[in-house]
Amino acid sequence: MNAVPKSLFGLGANLMTTRAARRLRAKGTAVPEQNRVFQDRLADLAETDFGDDHGLEANLNYTEFQKRIAPRRYEDFIPYLRRMRVGEEDVLAPGACKFYAISSGTTAGRTKYLPITDGMLEHFRRAGVDSLLYYTARIGHAGVFRGRHLFLGGSTTLTALEGFKGGPAYAGDLSGITALNLPGWAEKHLYEPGRDIAQMADWPAKIAAIVERTRGRDISLVGGIPSWLIILAEALLTNSRFGKSRATDLTGIWPNLECMVHGGVPLGPFQEELRRLFGAKVTFHEVYPASEGFIAAQDTDTSQGLRLMTNVGLFYEFVPNAQFDPENPAAASALAVPLEGVKIGVDYVLLLTTPAGLTRYVIGDIVRFISTEPPRLIYVGRTSLQLSAFGEHVIEKELTDALTSHCQKQGWQIVNFHVAPSFIDRTAGRDRGAHEWWIELKPGSVRTPIGPPMAEALDAALQKANDDYEAKRRGGGLEMPIVRLVMPGTFETWLKHRGKWGGQNKMPRCRSDRVIADDLAQLSPFSQD
């Protein structure tokens, strides 16, 4: 398809858009699609050592599947992954696996090596195309395929694995692995910033190279994590002059820019700034990708959630978060339900069974269904990123929503934030625990932010959103939150210190310990209370 003219490529995109729109309108398809995926995954697992070890057979029913294998964490797969990483075949998935995505799960977490088999590469290709067709079906045309698509990902430079038998094998950033395995038609007609720039690991140099390469190109779509998209947009607008006037948003540089694809973190804290930088005519399109698989994408207004991708090779299960113990996931085996068993409004821990052989894998995400026909959900947070040091069970989404809402009312732009527990310290006069907010706002607002009033507003919002938090506050188990407004650049310094500046890296919004908060205290000793 490399030689197909751009005009015929556009006709093909129009045809695929029509088919996607028809498929998205069809009713009752999601559960049958998941049933087929379940059988496909079982057929693969039946050919592996992992399947033999756990009695997994083709055509096994779901109830028996639950009995024979319990939900598991990354640590439970390590013995199998070690064998795969030296070239053994048919371990977790049929054949050998020559690519491994390096992921920490969270910025502060331990490194994971997630297998990216041929089946997983096909999954990411199909899900990536489908996610764009969700967009074109939603807006009613395939015009976005007429221009080029700029994806702001991690470095495509991979590290060779030592000791792998049967040819070279590599580890690196997932976005780099997928970029190196693009279909020929996508690389020819769509992909930016090109292989050479995509390989760059130096983030400032990479941004500068992207600016230089793309400011004269016909870019119709830009994708990435919101915080990094802001950095790219600011660099483009700072370095781009047209005639006597400076472009005020990215459509002044790329007149055909129509879509911004974002995912990885909630858009809320960055939405107003991104709208200003990208321009009023650009449509935002949300996706829900993870290193373990591409899970959902926007097919309607985001207030209705993201459409679960039920036919791209992932089998989903859902465990009620209220009954899930992260330290003992196996205990939740019988509590899990497939898609047909989910209920609206319940927070679920997500389990995945993937083409790479990760089976009933706890990826650490919590989701909540907005509807079941069609299945649409929202990302709620991480099982490991919750505030519950005092039994308050506050989740990432509640924290993000509270801060975003307050800052929007005041006209403040959020750069980054983190929330941690502040424990009892009688030497400092604290007889009760509290939440400690570390917040970096963009300088230059008309109304000056002050810590104590912000603390009152955040406290009120959380009490309204979370019954456990309200009970702890009213019962005296928690004091008023502490808000620390940190100096500009604090979070950038922390991310750089951790080697997480750029690419697909994200800032953890909360933890029930002070691992990150104590680092921030050292970096920003003059933060404003």
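Computed over heavy atoms, backbone and side chain alike; hydrogens, waters and symmetry mates excluded. The chain is numbered in sequence order, starting from 1.
Residues satisfying the side-chain hydrogen bond (donor to acceptor under 3.5 Å, both in side chains) criterion with Thr404, sequence neighbours excluded, are absent altogether. For Asp218, the side-chain hydrogen bond (donor to acceptor under 3.5 Å, both in side chains) partners two or more places apart in sequence, or in a different chain, are Asn256. Shown here are the side-chain contact (heavy atoms from CB on, under 4.5 Å) partners of Lys442, two or more places apart in sequence or in another chain: Glu234, Glu273, Arg276, Gln413, Val415. Not counting sequence neighbours, the partners of Arg73 by the salt bridge (charged side-chain N to carboxylate O under 4.0 Å, His left out) test are Glu327. The salt bridge (charged side-chain N to carboxylate O under 4.0 Å, His left out) check on Glu398 picks up nothing, with sequence neighbours excluded. For Glu272, there are no salt bridge (charged side-chain N to carboxylate O under 4.0 Å, His left out) partners at least two apart in sequence or on another chain. The ring pair (Phe, Tyr, Trp, His ring centres under 6.0 Å) search around Phe369 returns Phe318, not counting sequence neighbours. Under the rule for a side-chain hydrogen bond (donor to acceptor under 3.5 Å, both in side chains), the partners of Glu187 that lie at least two apart in sequence or sit in another chain are Arg195. Residues that satisfy the salt bridge (charged side-chain N to carboxylate O under 4.0 Å, His left out) test with Glu317, not counting sequence neighbours, are Arg360. Every side-chain hydrogen bond (donor to acceptor under 3.5 Å, both in side chains) that Asp44 has, sequence neighbours left out, goes to Arg41.
Using modelled atom types, no side-chain atom of Tyr288 and backbone atom of Ile378 make a donor-acceptor pair closer than 3.5 Å. In this structure, Trp412 contributes its side chain and Arg447 its backbone to a donor-acceptor pair below 3.5 Å. With Thr238 contributing its side chain and Ala235 its backbone, the two residues share no donor-acceptor pair below 3.5 Å. Looking only at distances, no side-chain donor or acceptor of Arg509 sits under 3.5 Å from a matching main-chain atom of His418. A side-chain donor-acceptor contact under 3.5 Å links Gln298 to the backbone of Glu286. Under the 3.5 Å distance criterion, the side-chain polar atoms of Ser220 are matched with a main-chain donor or acceptor of Val144. A distance-only check finds no donor-acceptor pair linking the side chain of Trp494 to the backbone of Met507 [under 3.5 Å].
Within the 4.5 Å cutoff, no side-chain heavy atoms of Asp249 are placed close to those of Lys281. Between Leu352 and Phe315, the closest side-chain pair of non-hydrogen atoms is not below 4.5 Å. Leu158 has its side chain within reach of Phe99: a pair of non-hydrogen atoms, C-beta onward, lies under 4.5 Å apart. Here the side chains of Ile516 and Trp438 are not in contact, with every heavy-atom distance at 4.5 Å or above. At least one side-chain heavy atom of Leu441 sits less than 4.5 Å from a side-chain heavy atom of Ile414. At least one side-chain heavy atom of Ile295 sits less than 4.5 Å from a side-chain heavy atom of Tyr316. Inter-residue side-chain proximity for Leu520 and Val486 is flagged as unmet; no heavy-atom pair is nearer than 4.5 Å. At least one side-chain heavy atom of Pro449 sits under 4.5 Å from a side-chain heavy atom of Met454.
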Test side chain to side chain contact (heavy atoms under 4.5 Å, CB included) on Arg138 and His285 and set out the steps.
CA-CA 10 Å; Arg138 175 163 68 95; His285 185 61; 3.1 Å; yes
Under the criterion side chain to side chain contact (heavy atoms under 4.5 Å, CB included), I'd like the reasoning laid out for Phe124 against Asn181: C-alpha separation, chi angles, the key distance, then a yes or no.
CA-CA 10 Å; Phe124 281 115; Asn181 287 276; over 6 Å; no
Decide side chain to side chain contact (heavy atoms under 4.5 Å, CB included) for Leu133 and Thr17; before the verdict, give the C-alpha distance in whole Å, the side-chain angles of both, and the deciding distance to 0.1 Å.
CA-CA 6 Å; Leu133 294 176; Thr17 294; 3.9 Å; yes
Given the rule in the side chain to side chain contact (heavy atoms under 4.5 Å, CB included) test, do Asp130 and Phe294 qualify, once you have shown the distances and angles that lead to the verdict?
CA-CA 10 Å; Asp130 277 5; Phe294 205 126; over 6 Å; no
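Rounded to the nearest 0.5 angstrom, Asp365 CG and Glu292 CD are separated by 7.5 Å. Annotation: the span from Cys97 atom SG to Leu92 atom CG amounts to 9.0 Å, rounded to 0.5 Å. Atom CG of residue Leu237 and atom CD1 of residue Ile253 lie 4.5 Å apart, to the nearest 0.5 angstrom. Distance check, rounded to the nearest 0.5 Å: CG of Leu236 to CG of Leu229 gives 10.5 Å. A distance of 9.0 Å separates CG in Leu399 from CG in Leu403, rounded to the nearest 0.5 Å. One finds the CG atom of Leu350 at 9.0 Å from the CG atom of Leu314 (value rounded to the nearest 0.5 Å).
Residues Tyr100 and Ile177 share a closest heavy-atom pair of O-CD1, 3.5 Å. Here the shortest heavy-atom pairing between Arg307 and Leu24 reads NH2-O, 3.2 Å. Of all heavy-atom pairs spanning Leu485 and Gly451, the tightest one is CD1-N, 4.0 Å. Summarising the geometry of Leu462 relative to Ala402, their closest heavy-atom pair is CD2-CB, 4.3 Å, with the distance given to 0.1 Å. Here the closest non-hydrogen pair linking Met260 and Val282 is N-CG1, 3.7 Å. Of all heavy-atom pairs spanning Gln34 and Leu339, the tightest one is CG-CD2, 4.1 Å.
With hydrogens and angles left out, the side-chain atoms of Arg19 and Asn14 include no donor and acceptor closer than 3.5 Å. Judged purely by distance below 3.5 Å, without hydrogens or angles, the side chains of Glu258 and Tyr135 pair a donor atom with an acceptor atom.
Sorted by first and then second residue, the salt bridge (charged side-chain N to carboxylate O under 4.0 Å, His left out) pairs involving residues 401-410 (not counting sequence neighbours) are Lys397-Asp401. The salt bridge (charged side-chain N to carboxylate O under 4.0 Å, His left out) analysis of residues 117-129, with sequence neighbours excluded, yields the pairs Glu122-Arg125.
Taking the six-membered ring where the residue is Trp, Phe284 and His262 present perpendicular rings, their angle passing 60° and hence far from 30°.
No more than 12 heavy atoms of other residues, nucleotides or ligands shown are found within 6.0 angstrom of NE2 on His497.
Of the candidates Thr302, Thr300, Asp299, Arg376 forms a side chain to side chain donor-acceptor pair (under 3.5 Å) with just one, namely Asp299.
For the pair Asp347 and Arg368, the salt-bridge criterion is met [side-chain N within less than 4.0 Å of a carboxylate O].
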